[in-house]
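Reading through the structure tokens given below for one structure.
This is a predicted model, so every value here is computed, not measured. Counting starts at 1 for both ligands and their atoms, following the listed order. These numbers come from the heavy atoms of this one structure, side chains and all, not from hydrogens, waters or symmetry mates.
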Amino acid sequence: MSLADEQADAAWSFDTLAVRAGQERSQFNEHSEALYLTSSFVFENAAQAAARFSGTEPGNVYARFSNPTVSTMQERLAALEGAETCIATATGMAAILATVMSLMKSGEHIVSSRSIFGATQQLFGTILPRFGVDTDFVDQGSVAAFRAAMRPTTRLVFIETPSNPLTEVFDIASLAQVAHEGGALLVVDNCFCSPALQRPLTLGADLVIHSATKYLDGQGRVLGGAVCGSKALTEEVFKFLRTAGPTLSPFNAWVILKGLETLSVRMKAQSANALELAQWLEAQADVTRVFYPGLASHPQHALAMRQQASGGAIVSFEVKGGREAAWRVVDHCRLLSITANLGDTKTTITHPASTTHGRISAEARTASGIGEGLLRIAVGLEAPADLKADLARGLG
Ligand SMILES: *Cc1c(COP(=O)(O)O)cnc(C)c1O
């Protein structure tokens with residue numbers, strides 16, 4: 001039985017698909033997926049070249065259009081998200097840009113959560129308006145606030161859930177309804193949960209965006225991105241990408257593909273570590289508040305537990321004493337890495353007010369709840385006891 005037959009035949013579970021989906025063995029019958037580090041492909045004859053170029057014969061032509069290693073990664077991620085298709089991109093931002101450029105035109109409108117990745121906010125707020133695409137940023141997570149921002153020209157509703165750094169949770173199913181009632185599409189940046197913890201398409205979202213740079217690679221090695229959804233929508237994204245160029249390199253696709261094989265176990269273990277750390281932080285005298293969807297104290301704990309398999313691996317907390325106290329915690333870390341990156345097996349710590357959110361005005365920061373005493377931790381795979389000891393040094 002061929003590998004393709006096995007896949008069609010078996011209703012494999014998530015963990016199995018993460019290891020097996022999408023592989024096509026070459027004539028050498030390799031066990032680990034081959035890395036096809038080639039930019040172009042050779043044709044049998046002139047007629048085949050013509051047929052490949054015109055699309056009448058399927059097959060690879062040039063790696064800006066397709067490459068077997070990239071295709072394998074796309075199939076595997078599509079299987080994990082429960083998507084018909086997945087299109088890989090050079091970075092997470094390229095996935096967001098390609099989605100907007102392929103599905104929108106001048107005069108149309110985006111309704112976006114304010115709590116989104118900084119570069120996405122910049123793209124929507126400062127670059128797209130030059131091309132006649134305007135965005136209304138919704139400050140509150142309520143479904144009513146999103147509904148009120150809809151216009152007849154709204155084409156996309158865009159959210160990230162849980163949000164960065166305050167782990168605000170957005171109701172995917174209800175927002176899908178709001179988008180669809182207004183003739184728009186719901187796009188969910190699923191970077192923080194990954195499909196191991198949350199599958200937005202099964203809740204009614206139309207497209208899922210990934211920065212594969214984060215949990216999909218999972219070990220901080222390469223940049224990558226993806227758009228997952230129906231064939232009809234992703235085909236438009238693909239047409240833009242193959243022409244405009246920000247496609248995923250085969251090498252990066254191969255690294256991400258191998259990352260997907262351990263995604264499920266990593267997310268389970270990192271979430272368990274995050275929950276333990278969040279509970280410990282809640283008990284510390286100098287910590288005034290902990291933001292983690294897996295804690296009963298989180299205002300949207302019930303919603304989070306409905307749409308996510310666990311709380312995820314991002315924990316934020318507020319310390320007494322503002323910036324000085326927060327920086328003391330950071331500067332006493334010997335184990336936690338001081339970096340804004342997340343999704344790594346190595347735990348990282350960042351002070352959002354002076355780094356990731358440093359370019360936002362102080363008033364806007366305060367309005368969105370990002371205080372001077374706030375710290376964000378992206379929990380990795382180290383022993384929780386060692387993480388606690390590292391944080392305890394700078395607390396109090
Ligand atoms: C990092 C990130 C992005 C952008 O991804 P890149 O791969 O850095 O381009 C988008 N969304 C979220 C939530 C992210 O964390």
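- Atom 6 (P) of ligand 1 has Gly92 N, 3.4 Å as its closest protein atom, hydrogens excluded (heavy atom only).
- A donor-acceptor pair shorter than 3.5 Å can be found between the side chains of Thr350 and Thr355.
- From the protein, the heavy atom lying nearest to atom 2 (C) of ligand 1 is Lys214 NZ, 2.5 Å.
- If you check which protein heavy atom lies closest to atom 7 (O) of ligand 1, you get Thr213 OG1, 2.6 Å.
- Close approach to Asp189 involves these atoms of ligand 1, each under 4.0 Å from a residue heavy atom: 10 (C), 11 (N), 12 (C), 13 (C).
- Glu261 pairs in a salt bridge (Lys or Arg N to Asp or Glu O under 4.0 Å) with only one of the listed residues (Arg266, Arg76, Arg20), which is Arg76.
- Between Phe65 and Phe238, the ring center distance fails the sub-6.0 Å criterion.
- Between the side chains of Thr85 and Gln74, no donor N or O sits under 3.5 Å from an acceptor N or O.
- Counting heavy atoms of neighbouring residues, nucleotides and ligands inside a 6.0 Å radius, atom CH2 of Trp327 does not exceed 12 of them.
- Of the protein's non-hydrogen atoms, Ser211 OG, 2.9 Å is the one closest to atom 5 (O) of ligand 1.
- Taking any N or O of Thr120, backbone or side chain, none lies under 3.5 Å from an N or O belonging to ligand 1.
- Distance from atom 9 (O) of ligand 1 to its nearest protein heavy atom, with residue and atom name: Met93 N, 2.9 Å.
- In the model, Gln23 has no side-chain atom that pairs as donor or acceptor with a side-chain atom of Thr72 under 3.5 Å.
- Considering backbone and side-chain N/O atoms, Phe117 never comes within less than 3.5 Å of an N/O atom of ligand 1.
- At a cut-off of 3.5 Å, with distance as the only test, no side-chain donor of His332 or Asp390 sits close to an acceptor on the other residue.
- For ligand 1, the polar-atom distance check finds no N/O of Phe192 at less than 3.5 Å from any of the ligand's N/O atoms.
- The Gly224 neighbourhood of ligand 1 comprises atoms 7 (O), with distances under 4.0 Å to a heavy atom of that residue.
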